[in-house]
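Structure record follows, encoded as structure tokens.
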Amino acid sequence: MSLVRQVFGKPWIWAFLATLATFVVTILFTGGASTVGLAQAALTFGAFSVIVGLGQMFVVTLGPGNVDLSIPATMTLAGTLALKVMETQDGLIWLGLVVTLLTGLVIGIANYGLIKLLRIPPIIATLSASFIVQSAAIWTNRGIRIKPPELLAQFSTASTLGIPNVAWLALVISVAAWVALERGIYGRFVSAIGQNMRAARLAGVPVDGVRFATYVLCALLAAITGFLLSCFSGGAALNMGAEYLLTSIAVVVIGGTAVAGGFANVPGIWGASLFLFLVVSMLNTYGASAGVRMLLTGVIIIGVIVAASRRPAR
Amino acid sequence: MTQGDNPVISVNGARKSFGAVHALDGVDFSVRAGECVGLVGHNGAGKSTLVSILNGGLSPDSGTLALLGRPVERHSIAQARSIGLRCVFQELSLCPNLTVTENTRVAHRSLRGFGWRGRAARLIKDKLDEIFPDNGIDVGRSISGFSIAQRQMIEIATAFTSSDGSVRLVVLDEPTSSLDAGLAGQLLTFVRRFVAAGGAVVLISHILGEVLSTTDRIVVMKDGKVVADRPSAEFSTESLVGAMGSVVRAREARAARDAAASQTAVLSHTSAGRGLDFVARPGELIGLAGLAGHGQTRMLVDLYMAEGGSWRTPAARKVAFVAGDRAVDGNLPLWSIVKNMSVTLLPEIARFGLVDRAAEARVTADWHKRIAVRTENMDNPILSLSGGNQQKVLFARALASPAPVVLMDDPMRGVDIGTKHEVYAMLRAEAAAGRTFVWYSTEMDEVCQCDRVYVFREGEIVAELVGNEISEERILSASFAEKAA
């Protein structure tokens with residue numbers, strides 16, 4: 001009894017229940033024909049949402065007003081630059097990785113620089129930064145679609161032990177994020193800042209250092225996702241990050257992280273990412289038109305958030 | 001009307017308690033027409049509570065109240081207004097988004113119907129010009145565009161305007177706090193004219209000079225009681241200060257501490273040309289005194305921020321902070337007691353960036369015992385504790401850290417007497433072990449426990465009292481503008 005209560009007290013349980021329900025409903029329609037295929041697809045596409053979602057989660061946890069809107073532009077620029085420097089050669093993969101990480105690092109520093117030095121609210125700072133970053137991506141891309149190196153294209157589309165490689169990567173990153181959040185001093189500091197920034201500062205939390213690290217971390221994870229996604233889909237496209245703006249925020253919220261800050265949740269990011277993908281494929285399977293699909297997606301997301309928020313998370 | 005010799009308002013034996021605090025403990029107070037009464041006393045003496053009872057905002061727990069000689073069963077704000085009682089509070093009460101004229105309309109319900117705007121404008125403009133000649137205030141502008149001094153002028157003028165009934169009594173609570181000497185002089189002259197014409201005024205002020213020069217009679221309050229009520233001519237600044245703080249505490253000799261004076265400072269703050277410098281030495285208990293809100297908290301925060309740590313935690317942390325305003329500066333409301341207690345200590349108990357949770361549990365369990373936080377389970381949320389116990393957690397947060405200096409921002413606010421004595425004992429023990437405490441307190445007996453006291457006035461340190469010099473009297477006299485220590 002107490003175990004049941006404990007499990008249902010977890011803020012992430014609702015995202016997983018919703019995922020399971022959606023999965024079953026979809027499978028029922030197809031009569032079980034595509035069970036493995038659907039699971040594989042959900043894990044693959046879910047993995048991309050998970051990685052950007054984790055970055056966004058740390059940022060949102062910093063407290064009201066903290067959100068990174070430059071994620072889509074960062075993904076696009078990182079993917080574009082990395083594919084360009086790798087010139088489809090396997091031997092230059094290391095350079096692609098370095099460029100990806102540098103892109104994330106520079107954008108993260110720029111974001112916090114705008115927030116701190118010019119005292120712009122994070123939502124405006126990251127939005128304006130994203131215009132500059134997106135312009136840089138357009139300028140480098142110039143409409144030419146460069147293919148990823150063969151080795152990377154294979155790796156990002158293949159599976160190991162039946163689980164897609166990108167999902168394995170997302171899992172490793174998630175475990176690291178969980179440790180940092182739940183066991184690390186960094187997670188404590190992020191949560192303290194999100195609850196009361198002034199109190200955190202007066203209690204000795206290095207507020208600027210932690211916020212800076214968080215914005216850099218978020219940009220780094222977005223850059224890595226952009227790199228993986230462009231390898232997975234055979235080249236970088238200028239609009240490839242677009243849908244991840246809302247997705248990154250939605251998975252944080254549905255996953256049970258407090259929108260007002262101070263409380264974050266890693267397992268919930270997985271539940272929410274899988275759920276968001278499965279909702280769309282379920283509606284596709286049932287042959288819903290684009291309009292109905294978006295409408296229902298919205299309604300379902302609201303439903304899950306309402307169900308989750310009835311749990312007193314504090 | 002039998003107004004002749006009856007007081008405009010009088011209270012007899014008024015008592016008022018807020019929980020265990022006796023804000024008023026049997027107060028007799030009355031004001032007659034044609035009289036200006038000064039009301040003085042230090043913070044928390046009960047002046048504001050008395051004013052609230054006069055204007056109907058609070059009803060006394062016991063005691064009687066009479067208006068114009070007639071006993072009143074249930075007093076109310078509306079009734080107070082109807083006999084012509086007006087109050088000007090320290091916290092200004094004008095609507096910032098409305099114009100001066102519109103604010104006048106808010107205060108006067110009778111200004112209704114066609115053309116109220118013109119009548120209201122004339123009413124307030126005439127009164128402003130009468131009290132503050134050449135004020136240059138445009139009554140068509142909204143309040144938000146005026147300086148704090150101009151707002152205070154408007155507030156005062158509004159209180160003296162009359163539309164339907166005459167103004168009999170005006171209570172002025174610190175009316176000159178944001179006015180310069182010239183404007184204050186104009187106001188006090190007007191007060192004398194108003195009183196000469198048969199009006200009554202209660203003047204509350206910390207500037208004793210203006211109380212002595214303007215009022216006919218002075219009522220001194222202390223700890224919820226009236227301790228003196230005599231004609232102003234019988235008081236001098238010294239005797240007034242003496243009446244406000246009569247208790248001079250017997251002090252133990254602190255020869256050992258005097259030796260500490262030669263030691264090097266652990267913390268210092270140079271006052272850029274204004275007031276005295278601040279120095280703290282090892283093992284000292286330093287009090288920050290003066291009237292509330294005269295820069296003590298600001299100094300503590302400045303001292304804290306000056307030690308850095310905003311970008312990374314310093315290797316050897318020098319200062320820890322104990323918040324008094326728990327909700328704003330202290331509590332991390334989503335967290336357990338353990339996490340709230342350990343947050344300052346985290347860098348010391350972390351290995352490779354990971355929190356050593358066994359060490360965390362050990363340290364917090366130890367402090368749970370030492371400081372007697374009243375809870376069965378330290379994993380309960382911090383907000384499940386009473387205010388006093390939350391404060392203990394914040395004390396433990398600072399004391400558990402290795403910081404040699406602890407800054408305390410009036411930490412005993414809303415803390416019960418038992419807890420206070422437990423904490424006092426702990427502070428003395430820690431100070432004896434070499435820790436330095438910088439303690440801002442609004443309570444006189446706490447300040448008097450310190451080895452050295454800095455008195456603040458208007459954002460600067462105006463006096464330093466050491467050892468036997470520390471007395472309520474000395475602190476009070478340094479707190480007030482007319483007499484520097």
Side-chain angles (χ1 to χ4, degrees), chain A residues 6 9 11 61-64 109 112-113 115-117 175-217 256-265 311-314, chain B residues 297 300-301 303-305 307-314 317-336 338-357 360 381-384 393-394 397-398 400-403 407-409:
Chain A
Q6 209 180 353
T61 306
L62 287 175
I109 293 173
Y112 196 64
I115 296 169
K116 183 71 185 171
L117 298 178
V175 170
W178 185 87
V179 170
L181 180 72
E182 304 287 340
R183 296 284 179 266
I185 191 166
Y186 169 74
R188 287 281 180 96
F189 282 169
V190 169
S191 169
I193 294 170
Q195 293 173 62
N196 184 339
M197 192 153 93
R198 184 176 159 88
R201 178 69 184 88
L202 291 173
V205 175
V207 168
D208 279 318
V210 171
R211 293 180 78 205
F212 171 72
T214 305
Y215 277 92
V216 168
L217 176 69
T257 292
V259 189
F263 178 81
N265 185 317
R311 305 262 115 204
R314 15 194 93 194
Chain B
T297 301
L300 288 176
V301 172
L303 284 173
Y304 187 85
M305 295 299 180
E307 293 303 315
S310 176
W311 285 92
R312 45 168 306 156
T313 34
R317 194 195 302 273
K318 206 153 114 186
V319 287
F321 192 91
V322 181
D325 194 343
R326 291 182 286 276
V328 174
D329 298 338
N331 288 344
L332 297 166
L334 302 183
W335 272 357
S336 66
V338 166
K339 283 185 175 179
N340 262 286
M341 206 185 260
S342 68
V343 61
T344 300
L345 191 66
L346 285 180
E348 271 77 31
I349 55 168
R351 276 181 308 193
F352 309 114
L354 298 182
V355 177
D356 182 346
R357 297 202 299 166
E360 182 185 30
I382 179 89
L383 295 185
S384 69
V393 174
L394 298 186
R397 180 194 279 177
S401 83
L407 308 173
M408 304 191 289
D409 178 22

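Residue numbers start from 1 in every chain, and the chains themselves are labelled A, B, ... in the order their sequence lines are given, proteins ahead of strands. Only heavy atoms go into these numbers, but all of them, side chains included; no hydrogens, no water, no symmetry mates.
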Check: In terms of heavy-atom pairs under 4.5 Å, which option from B:Asn331, B:Asn340, B:Leu346, B:Asp329 contacts chain A the most?
Finding: B:Asp329
Next item on the list: Please determine, among A:Val205, A:Val207, A:Leu202, the option with the most heavy-atom pairs under 4.5 Å with chain B.
Entry: A:Leu202
Check: Are any of the side-chain heavy atoms of B:Arg397 and B:Val343 separated by less than 4.5 Å?
Finding: yes
Margin query: Would you say that B:Thr344 contacts B:Phe321 through its side chain, given a criterion of any heavy-atom pair below 4.5 Å between the two side chains?
Written below: no
Notebook entry, point to check: Can you tell which of B:Pro347, B:Ala398, B:Ala403 has the highest number of heavy-atom pairs within less than 4.5 Å of chain A?
Noted result: B:Pro347
Item checked: Heavy-atom proximity to chain A below 4.5 Å, by part of B:Ser401 -> neither
Check: Between atom CD1 of B:Ile349 and atom CD of B:Glu360, what is the distance when rounded to the nearest 0.5 Å?
Finding: 5.0 Å
Next item on the list: Show your working on side-chain contact (heavy atoms from CB on, under 4.5 Å) between A:Arg211 and A:Lys116 and close with a plain yes or no.
Entry: CA-CA 10 Å; A:Arg211 293 180 78 205; A:Lys116 183 71 185 171; 5.8 Å; no
Notebook entry, point to check: For B:Val319, is it the side chain, the backbone, both or neither that has a heavy atom under 4.5 Å from a heavy atom of chain A?
Noted result: neither
Notebook entry, point to check: Strictly by modelled atom types, are A:Thr214 and A:Tyr186 linked by a side-chain donor-acceptor pair under 3.5 Å?
Noted result: yes
Notebook entry, point to check: So which part of B:Ala323 gets closer than 4.5 Å to some heavy atom of chain A, the side chain, the backbone, both or neither?
Noted result: neither
Notebook entry, point to check: chain A: which of B:Leu332, B:Leu407, B:Leu394 shares the most heavy-atom pairs with it under 4.5 Å?
Noted result: B:Leu332
Notebook entry, point to check: What closest approach, in Å, do B:Pro402 and B:Leu345 show between heavy atoms, and which atom pair accounts for it?
Noted result: CD-CD1, 4.3 Å
